[in-house]
There are 2 protein chains.
Amino acid sequence: MTTINDVARAAGVSVSTVSRALRGLDRVSPQTRARVAQAATELRYVASPTASSLASGRTRAVAVVFPFLTRWFFATLISGIEQTLRRHDHHVLLIALEGESFGTRLRLSRSMLWKRVDGVIVLATSLDGQEQAVIDNLGLPVVTNGNRIDGWSCVRIDDEEAMRLAVRHLLDLGHTEVAYVGARPDASAYPRIPQDRARAFAETLGASGVSCQPEWMVESDWTGPGAARDIMPVLTGPSRPTAVVAASDEMALGVMGAARRLRLAIPGDLSVVGVDDHVLSSALGLTTVRQDVLHQGRRTGEVLMRQLTGEDVAVVDEVMPVRLVVRESTAPPARR
Amino acid sequence: MTTINDVARAAGVSVSTVSRALRGLDRVSPQTRARVAQAATELRYVASPTASSLASGRTRAVAVVFPFLTRWFFATLISGIEQTLRRHDHHVLLIALEGESFGTRLRLSRSMLWKRVDGVIVLATSLDGQEQAVIDNLGLPVVTNGNRIDGWSCVRIDDEEAMRLAVRHLLDLGHTEVAYVGARPDASAYPRIPQDRARAFAETLGASGVSCQPEWMVESDWTGPGAARDIMPVLTGPSRPTAVVAASDEMALGVMGAARRLRLAIPGDLSVVGVDDHVLSSALGLTTVRQDVLHQGRRTGEVLMRQLTGEDVAVVDEVMPVRLVVRESTAPPARR
DNA sequence: TTGAAAGCGTTACCAC
DNA sequence: GTGGTAACGCTTTCAA
């Protein structure tokens, strides 16, 4: 339990000098700095983070608020965030909003964040006005990924463009019978993303004079098993689409599973396209609209760090690129 | 910025009484407690966690050390841990050991944990003796998931049994030409798990008088794309196995992808079985040896909390159950 | 049952 | 450049 006092004594200087020297502040002579550094090393001194937090008011931690950790998208995003925060010597404080039972979720409260963190990152999470106020009242920098909320910086993709790329790809192949698996509004996940994607799906189709029957637009839960279950009625219905677009790759892979179960060949009987470029998509040959989720996480962390350091305090809205990656799950429709 | 002093003043008591009352300690009269509670609520008082940590020496945080966050297994495990820690009013401090470039990783150092946490959880991570000493010197409770290290509690599955179930299933179906995709020793991941699984694979086969050619035991990297790439030579070789078992579902799904690319029917031309029960396995019809990863995470958290509260300080080795789940990726071998 | 006061280990301000 | 010394906001004896 060596403290700053021990180091000061060993180096023959005052604690204030030790503090300054070790943190690399100026107004310390090179000789003194060296002496302090050596004493600290010899004593294996590590400053107590709680003590410095209390004294400085800074915690070197950032809260990351999210609905699910088990979904690939969020795990990857958080991984990217963690990487950049670590580089800046900051920590991630996980704030999972997932509730004990399905459909419920925790409310974000003042006590979850108060005096705990220097900044907040919110990941595609649906927050009500009260929860937004909780964050705003903290007076900390905030960056979101996905949520577009006035006054908060945001890193995201253009959801409508992503969906347009997917649909146009199918239209270009000649498909006119296209179904859609999106996500229903949910207590946790930010609703605008599925809304934007669903709207862009219908509009892009419509712009080419193709209409989509309402029964072919199903709302699922962002998961593979969910999508497999929810697309079933469409695939077993009286008339069957020649293609399905899913709002995420996890759901698209679920659709591929449902097709397999029905002995529908992909892409012979059914084309499938998703959004994300999930880690398994390349191996399984899923055509998708790729976004670089890891990089997006890193970028989100960087935007927050800039606000923290005061380097760049402006509220930003960064739109990351997406691009179509054609693999083996899409082909022209079979003639019937 | 209301502090404990403000509450004390408002309630007309001393700060010590406020502290005791708010933390639910005894030796506080019901009336006083009520008065304090009301004052705290009115002032919207939340105690500063850093201040209480400094004073008490407890941080109410637990370090979770792991090699990757992006892999489903770890994300799910951490999610389970987070759920139980939250219930006990504790936080997760993420310690990712993944390095900047592939194959490298961070070394666990004293400064990452010192005075930051009350306990440590290590997830299937390969730590050298020095790193183990770092943790031991902290004098904190430790629980691992997967790592079996003397003196540390462990929650895990029986890796050999899991593999035996997978192999016996294939033997029962009549397969005698079976290949294996495991994981090569790696800077980050605990090596014993792939070792146990690989050995059990070979031994179970051998016990039935079936031998496996060395070229059919490939070492991959736990990922789907990696397994798809690494199994290719086996599937395109002069003689082809009738079944593949993979050490994880992510890799098994990669194998299924490789088979699809080669136009091998599953299970007609090739049976595939994995271990884990990945979230996508049911949708994609993968036969697997299931382990309940989320529950394992919760359990790991509980074991740590018991040590923290002193409820149960014994070093435990908890072996969680596994079971075979037969789906559509396995069938008897085709006659040739 | 309550209160006074001494820490806890830093940082940051102000002299020197 | 360097040192002294109040904070920082709690918890925890110890006395009353």
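Throughout, a chain's letter reflects where its sequence line sits, starting with A, and its residues are numbered from 1.
- The side chain of B/T3 contributes no N or O atom lying less than 4.0 Å from OP1 or OP2 of D/dG9.
- A donor-acceptor pair under 3.5 Å is absent between the side-chain atoms of B/T125 and the main chain of B/A189, judged by distance alone.
- Among the heavy atoms of the strands lying under 4.0 Å from B/R20 is at least one base atom, whether or not backbone atoms are also near.
- A donor-acceptor contact under 3.5 Å is formed by the side chain of B/S16 with the base of C/dA4.
- Protein atom CG of A/L54 is 9 Å distant from nucleotide atom C1' of D/dA7, rounded to whole Å.
- Among D/dC10, C/dT2, C/dT10, the nucleotide with an atom closest to any side-chain atom of B/A47 is D/dC10.
- Both B/D26 and A/R23 lie near DNA chain C, and the one whose nearest nucleotide falls closer to the 5' end is B/D26.
- Checking D/dC10, C/dT11, C/dT2 against the side-chain heavy atoms of B/S29 singles out C/dT2 as nearest.
- Using a 4.0 Å cut-off between a side-chain N of Lys or Arg and a carboxylate O of Asp or Glu, A/R86 and A/E82 qualify as a salt bridge.
- In this structure, the CG atom of B/L22 is 14 Å from the P atom of D/dT12, given to the nearest Å.
- Following rounding to the nearest Å, A/R60 (CZ) and C/dG9 (C1') show an atom-to-atom distance of 17 Å.
- The base of D/dG1 lies outside donor-acceptor range of the side chain of A/R33, with no N or O pair under 3.5 Å.
- Listed nucleotides C/dG3, C/dT10, D/dT11 differ in distance to B/T17; the shortest reach to its side chain belongs to C/dG3.
- In the set C/dT1, C/dT10, D/dT2, C/dT10 carries the atom at the smallest distance from any side-chain atom of A/Y45.
- The phosphate of D/dT11 has OP1 or OP2 within less than 4.0 Å of a side-chain N or O from B/S19.
- One can place CZ of B/R9 at 14 Å from P of C/dG3, the figure rounded to the nearest angstrom.
- Nucleotide C/dA12 holds its C1' atom 12 Å from the CD1 atom of A/I4, rounded to whole Å.
- Under the 4.0 Å criterion applied to side-chain N and carboxylate O atoms, A/D186 and A/R105 are not assigned as salt-bridge partners.
- Side-chain nitrogen and oxygen atoms of B/T32 include at least one within less than 4.0 Å of the OP1 or OP2 phosphate oxygen of C/dT2.
- Using modelled atom types, one side-chain atom of A/Y190 and one backbone atom of A/R148 make a donor-acceptor pair closer than 3.5 Å.
- Following rounding to the nearest Å, B/R116 (CZ) and C/dG9 (P) show an atom-to-atom distance of 16 Å.
- Under the 3.5 Å distance criterion, the side-chain polar atoms of B/S153 are matched with a main-chain donor or acceptor of B/V316.
- Counting only heavy atoms from C-beta on, B/V28 has its side chain closest to C/dT2 among C/dT2, D/dT11, C/dT11.
- Look at NZ on B/K115: it is 10 Å from P on C/dC8, rounded to the nearest Å.
- Among the nucleotides C/dT11, C/dG3, C/dC8, the one closest to the side chain of B/V13 is C/dG3.
- When side chains are defined from C-beta on, B/H91 counts as touching A/L93, because their heavy atoms get closer than 4.5 Å.
- For the pair A/R27 and A/V15, nearest-nucleotide mapping onto DNA chain C gives the more 5' position to A/V15.
- For B/R58, counting side-chain heavy atoms from C-beta on, the closest listed nucleotide (D/dT12, D/dG1, D/dG3) is D/dT12.
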